[in-house]
There are 2 protein chains.
Amino acid sequence: MSQKYELSSSEEEYLEAIYTTQEGKARVATTRELAACLGVRDASVTEMLKKLSEKGLINYTPYRGAMLTEAGCKIATKVKRKHRLLERFLVDICGIDTHESHKQACEIEHVISDKAIDTLSAQLGHPSTCPGGSAIPESDSEDETDVSRLSEVKEGSYTIRFLTSAEPETISRLCSLGLIPGLTVRVQRTSSKGPLVIETKDTQIALGRDVAESLLVSPEAMETEGRRRRRRRGAPSAATPG
Amino acid sequence: MSQKYELSSSEEEYLEAIYTTQEGKARVATTRELAACLGVRDASVTEMLKKLSEKGLINYTPYRGAMLTEAGCKIATKVKRKHRLLERFLVDICGIDTHESHKQACEIEHVISDKAIDTLSAQLGHPSTCPGGSAIPESDSEDETDVSRLSEVKEGSYTIRFLTSAEPETISRLCSLGLIPGLTVRVQRTSSKGPLVIETKDTQIALGRDVAESLLVSPEAMETEGRRRRRRRGAPSAATPG
DNA sequence: CGTTATATTTAGGCTAACCTAATATATAAA
DNA sequence: TTTATATATTAGGTTAGCCTAAATATAACG
Ligand SMILES: [Mn+2]
Ligand SMILES: [Mn+2]
Ligand SMILES: [Mn+2]
Ligand SMILES: [Mn+2]
């Protein structure tokens, strides 16, 4: 049933392109369209369409065009989701320009795992669109992570998940305060105006509202499986020396 | 001089492997070692060593082994840095297990840009080791973090970034003086002893040395190129629809 | 309907990065 | 030093994914 083929980057790329041309109106994608979209020659497209058809990922009628099958659509959607989330990440978090972020996203999308991308999505607050405005498909695996901006939470304990800001200095500042992912902080007072006072292990810090906005936190974690595993890491593995 | 070749993932991979076998002791890497490390056959290694040698990235003596040149080492270091930072990211932030994170990092490292990885490093608080414990090489591009304690700066204009103190009252005091994050102040005199005199928009304030210590400031920001560009982004580009 | 223009496929090549098998060199043992 | 073993290189082959040019199918037009 569910193909456990390992698809090549190129095969995924073609599926993604078909998905894109079909987006919304569900018409067939023509050879030329795809060639233009992918920056390859028509002949290369034909070749790949035959292969994808044999794998049951598209319905292909020679001289007529191609259309994703259920199976193909599932894969394409996943890839597109990764692409768009990665763009969000690269643009919003890393401050990469849109052209570069597209290029990088379109490579990383083929190697990043489903699990990693779901976490990333949570980190970003489950955005619904990519920087260009296109919709980001939902994940099929349910993964509730409760992430919000530090500037919006009420009193209590929170774990820092991520620093989001395109401004390097903001990040530097947060780092120099030790406010890095993994740290648990207590939010002390939250008057709707003025600085936010938070307490770390040994210090109190007042943060400007704007800065607090760039800190993504989740409620002090109950012991989750993922976290427990993470804490337990450490023992340098001889097998994967980095 | 500085090779503006675009290297393939594979070429980078070999450089990285040579780097790894050389790490610490600077001996040559043998064909067999590399083959084992990369999971390919000896013959494939020989082939690639010749190519890398021609590109001036390694010193290769047939039957003897290979060693990175200055140029090759620079590239290998960059790749390794990316690898290890990505592992940190995938393990710490995404909760991926070490084996998987190694595999993913080893692919992403070849496509993620220098700029993106530097931002990521900052996000993670500039970690010095990968999850396995190996050192993460420094970035060659300087990334200014310019935060210091008010008690230590010389005359000039500064912006208050944070109030840090173990004492809740200190923070309250500073807040009541209007010394909150975001405010720009001029430091007037800095005798090495005694109170510090600072000037805000409309007042002069004398601060005790100890209090000044809990104020983190950065130099009044000039408009940097990076910052300007970043602020300007935004307009969704029709060219790269995600 | 025939003719022309456009879109698509087929045929035949190329390159990077692998591989196996055969050969050559270097090192260790006798 | 000669021989045996381990290591490295060369020669020749395969595959995926691209290409160009030629052949063919479809669509558009008078
Ligand atoms: Mn892609
Ligand atoms: Mn893509
Ligand atoms: Mn790699
Ligand atoms: Mn690697």
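Throughout, protein chains are lettered first and strands after them, A, B, ... in sequence-line order, and every chain is numbered starting at 1. Worth knowing before you read on, the calculation uses all heavy atoms, side chains too, and leaves out hydrogens, waters and symmetry mates.
Between the CZ atom of B/R32 and the C1' atom of D/dA6 there is a distance of 7 Å, rounded to whole Å. When the C1' atom of C/dC19 is taken as reference, atom CG of B/L38 falls 15 Å away, rounded to whole Å. As rounded to whole Å, 10 Å separates atom C1' of C/dA11 from atom NZ of A/K50. Distance CZ (A/R41) to P (C/dA7): 14 Å, rounded to an integer number of Å. At whole-Å resolution of the value, CG in B/L49 and P in C/dA17 are 13 Å apart. Rounded to whole Å, the distance from CG on B/L34 to P on D/dT7 is 14 Å. Rounded to an integer number of Å, the gap from CG of A/D42 to P of C/dT8 is 7 Å.
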Please list, pair by pair, any protein nitrogen or oxygen found under 3.5 Å from a nitrogen or oxygen in nucleotides 24-26 of chain D.
| residue | atom | partner | partner atom | Å |
| --- | --- | --- | --- | --- |
| D/dT26 | O3' | A/R64 | NH2 | 2.8 |

Atom pairs under 3.5 Å: protein N/O with N/O of nucleotides 15-17 of chain D:
| residue | atom | partner | partner atom | Å |
| --- | --- | --- | --- | --- |
| D/dG17 | OP1 | A/S8 | OG | 2.7 |
| D/dG17 | OP2 | A/K51 | NZ | 2.3 |

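Between atom CG of residue A/L85 and atom OG1 of residue A/T119 there is a gap of 11.0 Å, rounded to the nearest 0.5 Å.
A/R41 contributes no side-chain N or O that, together with a main-chain N or O of A/A35, makes up a donor-acceptor pair within less than 3.5 Å. Side-chain atoms of A/Q104 come within 3.5 Å of backbone atoms of B/S113 as a donor-acceptor pair (strictly under, hydrogens ignored). Although no hydrogens or angles enter the test, the distance criterion places no donor-acceptor pair under 3.5 Å between the side chain of A/E109 and the main chain of A/L86.
Using a 4.0 Å cut-off between a side-chain N of Lys or Arg and a carboxylate O of Asp or Glu, A/R81 and A/D114 do not qualify as a salt bridge. The pair A/K103-A/E100 meets the salt-bridge criterion, with a side-chain N (NZ, NE, NH1 or NH2) lying under 4.0 Å from an Asp/Glu carboxylate O. Residues B/E33 and B/R27 are paired through a salt bridge, judged by an N-O separation under 4.0 Å between the basic side chain and the carboxylate.
A/E16 pairs in a salt bridge (charged side-chain N to carboxylate O under 4.0 Å, His left out) with only one of the listed residues (A/K82, A/R84, A/K78, A/K80), which is A/K80.
A close approach under 4.0 Å does occur between a side-chain nitrogen or oxygen of A/T46 and OP1 or OP2 of C/dT9. Using a 4.0 Å cut-off, no side-chain N or O of A/T31 falls inside it from OP1 or OP2 of C/dA7.
Aromatic rings of A/Y60 and A/Y14 (six-membered ring for Trp) have centroids beyond the 6.0 Å cut-off, not under it.
With DNA chain D read from its 5' end, the first of the two nearest nucleotides for B/T61 and A/G39 is the one closest to B/T61.
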